[in-house]
Amino acid sequence: MPLIDLSREITHKMPRLPNHPMVIIAPFSTHEEKREVDGYTFSSAVMSLNMGDHSGTHVDAPLHFDERPGARGIDEMPLEDFFTEAVCLDLSHKPLRSEISVEDLEAAERAAGVEIRRGDTVLLHMDHYRRTWGTEGYITDFPGLTKASATWLGQKGIRMFGVEAVSPGRPGRANFEVHHVCRDMGFTHIEGLVNLDRLVGRGRFRFIGFPLKIKGGSGSPIRAVAWIEG
């Protein structure tokens, strides 16, 4: 069962959008602290995690950008949404800070020799992580979808799409428009993926990325994995 890990490590003070909480990881107890219970001596290590529900590789819940009563939190989304058929489109030729058009997606689908089907997860390899990780550009310089290209994906009836960047659209209006397309068309997206280059040319595969069951959560970190069958 070949599994490809698509998730970033969650690390102390990892890069994140400035309007989201900083990730703080610290020891809570260590093996230097010895305990004794009922005459038995031992030690245990426990870490303290303080982070937002959009930290690291994560998925957005409808509640994130939908203020209407009844918008679903992450705990209300069906598990079936996170175990799906999937395809990966190669957009690595796109320059940094560029927009991904409908024509770009159509060409990438043809080049991949796959057909996006209803219920799919569509992963978009833009080679952003390799080109910008460790620089300030990781937060700002990614290629991004537009309202039109996000709508094109939504019209395919997909469950969700995924990107390497911290946002699905270019910073500013485009990003908010893409979020609202997801809201209005009833699908969502994953941010912060890695290793998408390993899926290019692999055809169809299974995507697995279950969220934490955060009551009322507007999103959740996930352990994103591609399962290449056969």
Side-chain angles (χ1 to χ4, degrees), residues 1-64 71-86 88 121 123 128-130 132-136 138-139 159-160 162-167 188-199 202 205-230:
M1 184 188 297
L3 299 177
I4 298 175
D5 192 351
L6 308 178
S7 308
R8 288 175 53 193
E9 289 183 331
I10 296 176
T11 59
H12 182 61
K13 294 186 178 181
M14 68 190 300
R16 95 286 184 210
L17 289 169
N19 61 326
H20 285 270
M22 182 180 291
V23 174
I24 304 296
I25 303 177
F28 184 78
S29 61
T30 72
H31 288 296
E32 294 178 357
E33 304 168 26
K34 303 303 180 183
R35 299 171 60 191
E36 184 173 335
V37 175
D38 296 333
Y40 190 79
T41 301
F42 65 98
S43 64
S44 64
V46 176
M47 300 295 290
S48 172
L49 305 179
N50 182 17
M51 60 186 185
D53 55 3
H54 292 257
S55 298
T57 305
H58 69 273
V59 64
D60 285 9
L63 182 63
H64 182 43
R72 291 184 300 174
I74 196 68
D75 55 314
E76 299 172 296
M77 297 180 71
L79 291 177
E80 289 79 6
D81 286 0
F82 307 103
F83 184 63
T84 72
E85 295 271 326
C88 182
T121 292
L123 306 182
H128 168 64
Y129 184 86
R130 183 190 66 82
T132 66
W133 181 247
T135 74
E136 292 183 0
Y138 177 75
I139 300 296
R159 289 264 177 88
M160 56 187 170
V163 297
E164 298 157 89
V166 295
S167 297
T188 190
H189 59 272
I190 306 154
E191 300 160 0
L193 293 164
V194 295
N195 292 331
L196 296 187
D197 58 300
R198 297 178 61 185
L199 301 176
R202 303 296 291 265
F205 53 92
R206 283 274 184 176
F207 175 82
I208 308 166
F210 294 114
L212 301 175
K213 199 170 185 178
I214 304 169
K215 185 172 179 59
S218 66
S220 172
I222 63 174
R223 187 64 181 265
V225 175
W227 175 6
I228 310 296
E229 300 180 84

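- Closest of all the heavy-atom pairs between Glu9 and Met14 is O-CE, 3.2 Å.
- The nearest pair of heavy atoms linking Thr30 to Ser43 is O-CB, 4.4 Å.
- Side chains of Pro62 and Met77 form a contact here, defined as non-hydrogen atoms less than 4.5 Å apart.
- Atoms NE2 and CZ, from His64 and Arg72 in turn, are 15.5 Å apart once rounded to the nearest 0.5 Å.
- In the displayed structure, Glu32 atom CD is contacted under 6.0 Å by at most 12 heavy atoms of other residues, nucleotides or ligands.
- For the atom pair CG (Asp81) and CZ (Arg159), the distance works out to 5.0 Å, reported to the nearest 0.5 Å.
- Under 3.5 Å, the side chains of His54 and Ser218 contain a donor-acceptor pair of N or O atoms.
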Criterion side-chain hydrogen bond (donor to acceptor under 3.5 Å, both in side chains) on His58 and Asp53, from CA distance to verdict: CA-CA 8 Å; His58 69 273; Asp53 55 3; over 6 Å; no
Side chain to side chain contact (heavy atoms under 4.5 Å, CB included) assessment of Arg206 paired with Val225: CA-CA 8 Å; Arg206 283 274 184 176; Val225 175; over 6 Å; no
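- Contact record, Val166 with Ile139: CG2-O, 3.7 Å, taken as the closest heavy-atom pair.
- Within the 3.5 Å criterion, the main-chain N or O of Ser44 finds no donor-acceptor partner in the side chain of Arg35.
- Shown here for Pro221 and Ile10, the closest heavy-atom pair between the two residues is CB-CD1, 4.5 Å.
- Nearest heavy atom pair, residue Arg8 against residue Val194, reads CG-CG1, 3.4 Å.
- Residues Leu63 and Glu76 are not in side-chain contact: their nearest non-hydrogen atoms beyond the backbone lie 4.5 Å or more apart.
- Counting heavy atoms from C-beta on, the side chains of Phe207 and Ile190 come closer than 4.5 Å.
- Other residues, nucleotides and ligands contribute at most 12 non-hydrogen atoms within 6.0 Å of the CZ atom of Phe28.
- The distance from atom CZ of Phe205 to atom CZ of Arg198, rounded to the nearest 0.5 Å, is 12.0 Å.
- Formation of a donor-acceptor pair under 3.5 Å by the Asp75 side chain with backbone atoms of Gly216 is found in this model.
- Remark: Leu17 CG to His20 NE2 distance equals 5.0 Å, nearest 0.5 Å.
- At a threshold of 4.5 Å between non-hydrogen side-chain atoms, the residues Tyr129 and Leu196 do not count as touching.
- You'll find the side chain of Leu6 reaches within 4.5 Å of the side chain of Leu199, heavy atoms only.
- Enclosure of atom NZ in Lys13 is not indicated, since only 12 or fewer non-hydrogen atoms of other residues, nucleotides or ligands lie within 6.0 angstrom.
- Remark: the backbone N or O of Asp60 is paired with a side-chain donor or acceptor of Thr188 at under 3.5 angstrom.
- A side-chain contact (heavy atoms from CB on, under 4.5 Å) with Thr132 is found for one member of Arg130, Glu136, His128 and no other, namely His128.
- Between the CH2 atom of Trp227 and the CD atom of Glu85 there is a distance of 10.5 Å, given to the nearest 0.5 Å.
- Side-chain contact between Ile24 and His12 is present, with at least one heavy-atom pair separated by less than 4.5 Å.
- In this structure, Met160 and Phe82 have side chains that are in contact, with non-hydrogen atoms separated by less than 4.5 Å.
- Using a 4.5 Å cut-off on side-chain heavy atoms (C-beta onward), Ser220 and Phe210 make no contact.
- With rounding to the nearest 0.5 Å, the separation of CE in Met47 from CD1 in Ile25 is 6.0 Å.
- Scanning all heavy atoms of the two residues, the minimum distance from His189 to Glu191 falls at NE2-OE2, 2.8 Å.
- In this structure, the side chain of Thr41 does not engage the main chain of Glu36 through any donor-acceptor pair within 3.5 Å.
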